[in-house]
**Student:** 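Supplied in structure tokens, the structure appears directly below.
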Amino acid sequence: MPESDLREFYLRYLAELNAHRFDRMDEFIDDRTTLNGEPATRDDLITVQQADVEAVPDLHWELRELLFDGDRLAARLVNTGTPVRQWLGVAPTGASFEITEYAIYQVRDGRFVHMTALHDAEALRRQLAG
């Protein structure tokens with residue numbers, strides 16, 4: 001997939017993710033993939049995404065940087081939100097968070113086949129705990 005197509009593909013994915021339209025993820029995530037190096041199905045990933053949004057209904061990903069290397073892409077995003085229920089072991093306090101996420105993907109046949117994401121969970125917990 002050319003860079004311009006990968007860019008458009010990722011921007012569409014991010015728009016659907018931010019709209020919390022998980023029923024559209026079959027357009028972007030292969031039936032079988034990996035998440036952080038572990039085998040997963042699309043349904044496994046959707047379950048994780050839905051659980052995050054149930055805990056943080058205003059969860060939002062803002063793209064800050066997008067890089068390409070063949071069939072791989074890397075994104076630097078800023079994630080924001082305000083949890084309304086316990087999330088990552090922290091009870092909701094009304095506090096919001098803003099953290100940087102680094103994500104790496106591999107795309108094959110127009111879908112993600114490998115997905116890796118990294119963020120500073122401890123910084124997130126500190127912000128949520130106040």
Side-chain angles (χ1 to χ4, degrees):
M1 193 183 281
E3 256 184 44
S4 59
D5 291 347
L6 274 175
R7 176 179 301 282
E8 188 271 334
F9 168 80
Y10 190 74
L11 293 176
R12 282 189 305 114
Y13 166 71
L14 203 55
E16 296 298 337
L17 194 60
N18 278 323
H20 304 157
R21 288 191 286 257
F22 303 110
D23 59 326
R24 303 288 303 269
M25 291 299 117
D26 61 332
E27 296 176 34
F28 305 100
I29 303 170
D30 201 65
D31 298 339
R32 295 227 167 265
T33 186
T34 62
L35 177 59
N36 297 324
E38 297 296 323
T41 66
R42 178 186 322 116
D43 289 342
D44 295 334
L45 271 76
I46 290 170
T47 297
V48 169
Q49 293 170 336
Q50 287 175 321
D52 287 343
V53 168
E54 286 171 9
V56 187
D58 63 344
L59 186 56
H60 182 81
W61 295 262
E62 181 183 330
L63 182 64
R64 295 289 175 93
E65 193 171 6
L66 188 60
L67 303 170
F68 304 94
D69 182 20
D71 63 352
R72 295 180 183 272
L73 56 101
R76 182 174 60 88
L77 307 121
V78 172
N79 303 348
T80 57
T82 307
V84 298
R85 59 172 69 158
Q86 185 166 322
W87 190 53
L88 301 174
V90 179
T93 62
S96 298
F97 66 87
E98 180 177 303
I99 58 165
T100 300
E101 176 183 345
Y102 298 95
I104 301 170
Y105 308 85
Q106 183 178 18
V107 177
R108 188 177 302 132
D109 298 324
R111 292 187 183 157
F112 296 126
V113 293
H114 299 290
M115 303 172 78
T116 302
L118 175 69
H119 61 268
D120 187 345
E122 189 55 39
L124 178 82
R125 286 186 190 97
R126 279 194 308 271
Q127 289 178 47
L128 294 179

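Every heavy atom of this structure was used, including side-chain atoms; hydrogens, water molecules and symmetry mates were not.
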**Student:** Can you tell me how far apart CG (Leu66) and CG (Leu11) are? Round to the nearest 0.5 Å.
**Tutor:**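 It comes to 7.0 Å.
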**Student:** Would you find a donor on one side and an acceptor on the other, under 3.5 Å apart, between the side chain of Asn36 and the backbone of Ala117?
**Tutor:**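 Between the backbone of Ala117 and the side chain of Asn36 there is a qualifying donor-acceptor contact (under 3.5 Å).
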**Student:** In Å and rounded to the nearest 0.5 Å, what is the CG to CG distance from Asp58 to Asn18?
**Tutor:** 11.0 Å
**Student:** For the residue pair Ala129 and Val90, what are the closest heavy atoms and their distance?
**Tutor:**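 Taking Ala129 first and Val90 second, the nearest heavy atoms are N-CG1, 4.2 Å.
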**Student:** Suppose we screen for side chain to side chain donor-acceptor pair (under 3.5 Å). Which residues come up paired with Asp69, at least two apart in sequence or across chains?
**Tutor:** none
**Student:** Excluding sequence neighbours, so at least two apart, what forms salt bridge (charged side-chain N to carboxylate O under 4.0 Å, His left out) with Arg76?
**Tutor:**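 Partners of Arg76 by the salt bridge (charged side-chain N to carboxylate O under 4.0 Å, His left out) criterion, ordered by chain and then number, come out as Glu65.
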**Student:** Just to verify, what does Glu27 make a side chain to side chain donor-acceptor pair (under 3.5 Å) with, not counting sequence neighbours?
**Tutor:** Arg24
**Student:** How would you list all residue pairs meeting ring-ring contact (aromatic ring centres under 6.0 Å, His included) that involve residues 21-58, not counting sequence neighbours?
**Tutor:**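 Found Phe9-Phe28, Tyr13-Phe28.
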**Student:** What pairs of residues pass the ring-ring contact (aromatic ring centres under 6.0 Å, His included) test when at least one of them lies in residues 32-71, not counting sequence neighbours?
**Tutor:** none
**Student:** Can you measure from CG (Leu6) to CG (Leu67) and round to the nearest 0.5 angstrom?
**Tutor:**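 One gets 12.0 Å once the value is rounded to the nearest 0.5 Å.
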**Student:** Please set out all donor-acceptor pairs under 3.5 angstrom arising from side-chain atoms of residues 79-89, sequence neighbours excluded.
**Tutor:**
{"residue": "Asn79", "atom": "ND2", "partner": "Glu101", "partner atom": "OE1", "Å": "2.7"}
{"residue": "Thr82", "atom": "OG1", "partner": "Ser96", "partner atom": "OG", "Å": "2.4"}
{"residue": "Trp87", "atom": "NE1", "partner": "Asp52", "partner atom": "OD1", "Å": "3.2"}

**Student:** Got a sec, which residues hit side-chain contact (heavy atoms from CB on, under 4.5 Å) with Ala51, two or more places apart in sequence or on another chain?
**Tutor:**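 For Ala51, no residue satisfies side-chain contact (heavy atoms from CB on, under 4.5 Å) once neighbours in sequence are set aside.
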**Student:** Look at the side chain of Gln127 and the backbone N and O of Glu98, then say whether any donor-acceptor pair between them is shorter than 3.5 Å.
**Tutor:**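 Confirmed, Gln127 side chain pairs with Glu98 backbone.
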**Student:** Is it true that a side-chain atom of His114 and a backbone atom of Arg72 form a donor plus acceptor pair closer than 3.5 Å?
**Tutor:**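 Answer holds: no.
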**Student:** Applying side chain to side chain donor-acceptor pair (under 3.5 Å), name anything that partners Glu38, two or more places apart in sequence or on another chain.
**Tutor:**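 For Glu38, no residue satisfies side chain to side chain donor-acceptor pair (under 3.5 Å) once neighbours in sequence are set aside.
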**Student:** For Asp23, enumerate each residue passing the side-chain contact (heavy atoms from CB on, under 4.5 Å) test, keeping only those at least two apart in sequence or located in another chain.
**Tutor:** Arg21
**Student:** Using 0.5 Å steps for rounding, measure from the CG atom of Leu118 to the CD1 atom of Ile104.
**Tutor:**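 Separation between the atoms: 8.5 Å.
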**Student:** Answer with yes or no whether the hydrophobic clustering places Leu73 together with Tyr102; edges join I, L, V, M, F, W, Y residues whose side-chain heavy atoms lie under 4.5 Å apart.
**Tutor:** no
**Student:** Holding to side-chain contact (heavy atoms from CB on, under 4.5 Å), I want the full list of residues that pass it with Asp71, two or more places apart in sequence or in another chain.
**Tutor:** Gln106
**Student:** Given salt bridge (Lys or Arg N to Asp or Glu O under 4.0 Å), test Arg12 with Glu8 step by step and report yes or no.
**Tutor:** CA-CA 6 Å; Arg12 282 189 305 114; Glu8 188 271 334; 2.7 Å; yes
**Student:** If you measure only the distance, is there a donor-acceptor pair under 3.5 Å linking the side chains of Asp44 and Thr41?
**Tutor:**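 Short answer, yes.
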**Student:** Checking Thr33 side chain against Arg42 main chain: does a donor-acceptor pair fall under 3.5 Å?
**Tutor:** no
**Student:** Could you state whether Leu14 and Val56 fall into the same hydrophobic cluster, counting links through intermediate Ile, Leu, Val, Met, Phe, Trp or Tyr residues with side-chain heavy atoms under 4.5 angstrom apart?
**Tutor:**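 Shared cluster, yes.
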**Student:** How long is the gap from CD on Gln49 to CG on Leu59, to the nearest 0.5 Å?
**Tutor:** 9.5 Å
**Student:** How would you list, by chain and number, every residue that makes a side-chain contact (heavy atoms from CB on, under 4.5 Å) with Glu122, sequence neighbours excluded?
**Tutor:**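 Glu122 satisfies side-chain contact (heavy atoms from CB on, under 4.5 Å) with Asp120, Arg125, Arg126 only.
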**Student:** Checking Glu3 now: which residues fulfil salt bridge (charged side-chain N to carboxylate O under 4.0 Å, His left out) with it, not counting sequence neighbours?
**Tutor:**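 Not a single residue meets the salt bridge (charged side-chain N to carboxylate O under 4.0 Å, His left out) criterion with Glu3.
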**Student:** Side-chain heavy atoms under 4.5 angstrom apart, residues restricted to Ile, Leu, Val, Met, Phe, Trp, Tyr: same cluster for Val53 and Leu63?
**Tutor:** yes
**Student:** Has Asp31 got more than 12 heavy atoms of other residues, nucleotides or ligands less than 6.0 Å from its CG?
**Tutor:**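 It does: Asp31 CG has more than 12 such atoms within range.
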**Student:** CD1/Ile29 to CG/Leu45 distance, rounded to the nearest 0.5 angstrom?
**Tutor:**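 Reported to 0.5 Å precision, the distance equals 5.0 Å.
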